[in-house]
Asks: 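Handing you a structure now.
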Amino acid sequence: MAPQKPLGSDFYLPTSLRNNADVINFLRTSGSLVAGLSVGILGVTGWIGFLYYAVVHALISGLVILKAGHNPQQYFQSRSSLFLGDVFSQTSLLTFILFWTVSHNFVHLF
Amino acid sequence: MSSQGQMDLVLDRDVRDWVLVPLTISIFLMMLIRQYVTQVFLSSNPSGGVFNPKEFREKQIMARAGLLKQTCGYLSDSAFKARKAFFIAKDTGAFHKKPEQKSAQDQLMNNPDVMTDMMKKNLGGLVPQLAMGGFVSYFFSGFIMGRIPFPLSPSFRIMLQRGVDLPSLDVTYFTSLSYYILLLFGLNGTFRLIFRENTVDESQMMRQQMAMGGGGMGPMGAPDPAKAFEAERHALEMLDYKWKLDGIEQQAAAVMQQQLGGQPKHQTPRKSPRLKSA
């Protein structure tokens, strides 16, 4: 009766997990920042701007998976937290809105 | 101006040059100053308490119990029993002793220093915030500064048009005071990019204060150590021991054969799941 999964595949080091989560958080926030700035400079208004936000975050998810070598289970405990964890979090959404608003105001409004 | 908001306001360029830009820069710099002051304050006063070896020992015991719960499958039966006995044996087990650590409630009652420290921390967060709010409302009050680039429902009016009372104005225009609040919360992410985990988190502090005011739990959210011991003891008693390394020798041999690229030899069907324990 050999176990299906290799031994120790369910071990995660808490420090490494935290580090990985930090990296993802960093990526998400900086992605939101850049997305907000560029959307504002391009002069996008209305709900379409949030579409850009979604596209950027989908892109980030894809890049992370590529970096993880198609095996994100090795670095993250759950798949959903990798895809959705920080996308709807207060920090990255607020960063996006703030930089969108500010750059839009600086460039287009006056 | 119609209340439909179809008509756009013409905003003077001077408003941008003399209000929007200086306000943004000054708020950013003030947040930077607050960040650095807090860092200096924290580093000059590390932890604050006296080191107590017994409390430290208890924390370590808790950590070890957690580790045992997680990985007991890799221990042999006797080793597991010995560890379990160490934790929960009657009278002598580590979790049957009375915890040395005081609960947060007791600490508050007996030690006025803790109270003062907490007060200082709260005030340290509150005072700069009040000062900044005062600064903004003194110099920049009453300006309509810009526009949110997406449509919103009229219920956001209180949030976005603080300080200007014009019911016919389109909701998406925001005033200086609201812009200050938006910056205060929105720059949090940016600061986290720069300072990583040292960031002073405004909203988190607020949430903590809120939780403290609600006050079901003790302050700081630390659970009572005596109860934690009890819970840990019960968890260990219920723990289901299952040996995970069954047939590990055969598996290891198969892996090695595969690595070496040789043909798997005939394996003697031995039944000795136990590893030699040191």
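Below, read A as the first sequence line, B as the second, and so on, with proteins coming before strands; counting in each chain starts at 1.
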Asks: Of the backbone (N, CA, C, O) and the side chain (C-beta and beyond), which part of V21(B) lies under 4.5 Å from a heavy atom of chain A, both, or neither?
Replies: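 Both the backbone and the side chain of V21(B) come within 4.5 Å of chain A.
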Asks: Calculate, to the nearest 0.5 Å, the distance between atoms CG and CG belonging to L33(A) and L187(B) respectively.
Replies: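 So the CG of L33(A) and the CG of L187(B) are separated by 9.0 Å.
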Asks: Can you name the closest pair of heavy atoms from R147(B) and H104(A) and give their distance?
Replies: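 That would be O-ND1, 4.3 Å.
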Asks: Let me know if V44(A) has heavy atoms under 4.5 Å from chain B in its side chain, its backbone, both or neither.
Replies: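 V44(A) touches chain B through backbone heavy atoms alone.
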Asks: What distance separates L98(A) CG from L183(B) CG, expressed to the nearest 0.5 Å?
Replies: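 CG of L183(B) is found 5.5 Å from CG of L98(A).
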Asks: Considering all heavy atoms of both residues, which atom of N105(A) and which atom of F174(B) are nearest to each other, and what is their separation?
Replies: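 Looking at all heavy atoms of both residues, the closest pair is ND2-CZ, 3.2 Å.
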Asks: Report which part of I97(A) has an atom under 4.5 Å of a heavy atom belonging to chain B: side chain, backbone, both, or neither.
Replies: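 For I97(A), side-chain heavy atoms alone lie under 4.5 Å from chain B.
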Asks: Indicate the ring-plane relationship of F50(A) and F150(B), choosing parallel, tilted or perpendicular according to the 30° and 60° boundaries.
Replies: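 Plane angle over 60°, so perpendicular.
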Asks: Taking all heavy atoms of P151(B) and all of G46(A), pick out the closest pair and write down the distance.
Replies: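 Residues P151(B) and G46(A), closest heavy atoms: CD-CA, 3.7 Å.
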Asks: Contact between Y179(B) and T101(A) at the side-chain level, heavy atoms closer than 4.5 Å - yes or no?
Replies: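 Result no, sub-4.5 Å side-chain heavy-atom pair not found.
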Asks: Heavy-atom distances under 4.5 Å only: say whether S92(A) touches chain B with side chain, backbone, both or neither.
Replies: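 Answer is neither: S92(A) stays 4.5 Å or more from chain B.
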Asks: Do T29(A) and R192(B) have side chains that get closer than 4.5 Å, going by heavy atoms?
Replies: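 Side chain of T29(A) against side chain of R192(B), heavy atoms only: no contact under 4.5 Å found.
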Asks: Is F99(A) in contact with chain B via its backbone, its side chain, both, or neither, using a 4.5 Å heavy-atom distance?
Replies: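 The side chain, not the backbone.
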